[in-house]
Amino acid sequence: MRLKIFRVLLFLFGMIICLPIIAVVLGSLKSGKELSDALSAIIGATGGSVQWHLLPLYPTGMHFIKLLFYTPEFFTVFWNSMKLVGCILLGQMFVAIPAAFGFSRFSFRGKYALFLSYVILMLMPFCVLMLPSYLVLKGMYLMNTHWSIILPAVFSTFPVFIMYRGFAAIPKELYEAAKIDGAGDWQTFIRIGIPLGSPGILSALVLGFLEYWNMVEQPLAFLEDLSLWPLSLYLPEIDLRRAGMALAASVITLIPAVFVFFMGQDYLESGITASGMKE
């Protein structure tokens, strides 16, 4: 009986958490007049109270049609997001994976001090690093380019931390057996490290996609040209005339993140479990 009550409470809390997303999805199907009547009190500053019905009275897909077929700038920002996220994750594969494997496989002087510095940098919020990052990027003449977003993210310390725990969980006996068989460090990395450390690698990539697909602060700080903005910043001017397109853009922005999350959910759970294990 207690288990059933606990499950019901979890379901209710889950519905409360998902309610804003449900409201956005269903709101994107509302007609322009229905949205105008519902939001005029807060957007139009006409006073009164918001009359928001969860289910649309007259469902329509016109907002999606206008956004996808009559708003060419939407595809520009969508491509910007794909370009930024793709380049960042590809760069992290070439930088973070060898770094995490090196931390877990080799012992050298200052290893733990260096790894501690990685953890400290990982815990620092963007507002702390924004000014030094701005000065460095400006000195390299990378401001107002996509490289100002890609390069700092490629050398982020967070994926190294996640992948390191995955590599550290690999038994050392496997490395010793490979060494006896004549395998070098590079062969050990390719044939043992990457296959067995794949849960940590994939979980870091999933978390990285979710983070960089929805990033807001970095583009606002480093990109001045609106044509370079990613999809996360593309919300049409929210007024009574374009509220439906704003909701439709929010739904489309949500789709890739939800797809990647469900596709990599198993790897995400195993990677987080491994990152929480002590050596």
Side-chain angles (χ1 to χ4, degrees), residues 20-21 24-25 27-29 32 60-97 126 129-130 133-134 136-138 140-156 158-159 162 201-239 241-265 267-268:
I21 299 177
V24 169
V25 174
S28 64
L29 301 177
T60 177
M62 186 57 64
H63 303 304
F64 290 95
I65 295 176
K66 290 181 179 179
L67 186 67
L68 296 176
F69 294 99
Y70 299 99
T71 314
E73 63 269 19
F74 176 79
F75 294 96
T76 300
V77 296
F78 186 87
W79 164 247
N80 288 340
S81 286
M82 295 296 294
K83 175 184 176 181
L84 290 172
V85 175
C87 290
I88 289 172
L89 296 183
L90 183 63
Q92 287 184 349
M93 290 180 64
F94 285 98
V95 174
I97 295 177
F126 175 73
L129 302 174
M130 181 173 63
S133 299
Y134 174 83
V136 172
L137 293 171
K138 186 177 181 180
M140 298 176 65
Y141 301 99
L142 295 178
M143 287 297 298
N144 199 31
T145 66
H146 282 158
W147 290 111
S148 63
I149 308 298
I150 295 173
L151 288 181
V154 165
F155 295 96
S156 172
F158 178 73
I162 296 294
I201 295 173
L202 293 175
S203 64
L205 293 179
V206 172
L207 290 173
F209 181 91
L210 297 177
E211 177 183 358
Y212 298 118
W213 182 259
N214 299 303
M215 62 180 171
V216 174
E217 296 174 319
Q218 295 91 331
L220 281 175
F222 302 144
L223 299 179
E224 298 178 3
D225 192 350
L226 300 184
S227 63
L228 298 176
W229 279 15
L231 183 60
S232 56
L233 296 183
Y234 180 80
L235 283 178
E237 185 180 353
I238 302 178
D239 54 21
R241 186 174 58 88
R242 305 188 68 186
M245 291 182 62
L247 293 172
S250 300
V251 173
I252 294 176
T253 304
L254 185 66
I255 291 175
V258 173
F259 175 77
V260 170
F261 174 79
F262 282 107
M263 289 294 294
Q265 185 177 7
Y267 298 106
L268 185 62

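Side chains are part of it too, since the values below use all heavy atoms of this structure and drop only hydrogens, waters and symmetry mates. What you see is a predicted model; the values in this text were computed from it and never measured.
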Is a side-chain N or O of [X] found less than 3.5 angstrom from the main chain of [Y], in a donor-acceptor match?
X: His146; Y: Lys83; result: no
X: Ser227; Y: Thr76; result: no
X: Asn214; Y: Ser232; result: no
X: Gln92; Y: Ala153; result: yes
X: Thr71; Y: Glu73; result: no
X: Ser81; Y: Leu231; result: yes
X: Trp213; Y: Thr253; result: yes
X: Asn80; Y: Trp229; result: yes

Over 12 foreign heavy atoms within 6.0 Å of [atom1], [X]:
X: Phe259; atom1: CZ; value: no
X: Met143; atom1: CE; value: yes
X: Glu224; atom1: CD; value: no

So which heavy atom on [X] is nearest to which on [Y], and how close?
X: Met130; Y: Ala221; result: SD-CB, 4.0 Å
X: Asn144; Y: Asp225; result: OD1-N, 2.9 Å
X: Phe74; Y: Ala249; result: CE1-CB, 4.4 Å

In Å, rounded to the nearest 0.5 Å, how long is the span from [atom1] of [X] to [atom2] of [Y]?
X: Ser250; Y: Ile21; atom1: OG; atom2: CD1; answer: 11.0 Å
X: Cys87; Y: Tyr212; atom1: SG; atom2: OH; answer: 13.0 Å
X: Gln218; Y: Leu84; atom1: CD; atom2: CG; answer: 10.5 Å
X: Leu254; Y: Ser28; atom1: CG; atom2: OG; answer: 10.5 Å
X: Leu233; Y: Leu223; atom1: CG; atom2: CG; answer: 8.0 Å
X: Phe78; Y: Ile252; atom1: CZ; atom2: CD1; answer: 8.5 Å

Side-chain contact test, heavy atoms from C-beta onward, threshold under 4.5 Å: evaluate it for [X] versus [Y] and give yes or no.
X: Met140; Y: Val136; answer: yes
X: Phe222; Y: Leu142; answer: no
X: Pro230; Y: Pro219; answer: yes
X: Leu29; Y: Thr60; answer: no

Check the pair Val85 / Met215 against side chain to side chain contact (heavy atoms under 4.5 Å, CB included), numbers first and verdict last.
CA-CA 10 Å; Val85 175; Met215 62 180 171; 5.6 Å; no
Take Val251 and Phe64 through the side chain to side chain contact (heavy atoms under 4.5 Å, CB included) test and state the conclusion after the steps.
CA-CA 9 Å; Val251 173; Phe64 290 95; 4.1 Å; yes
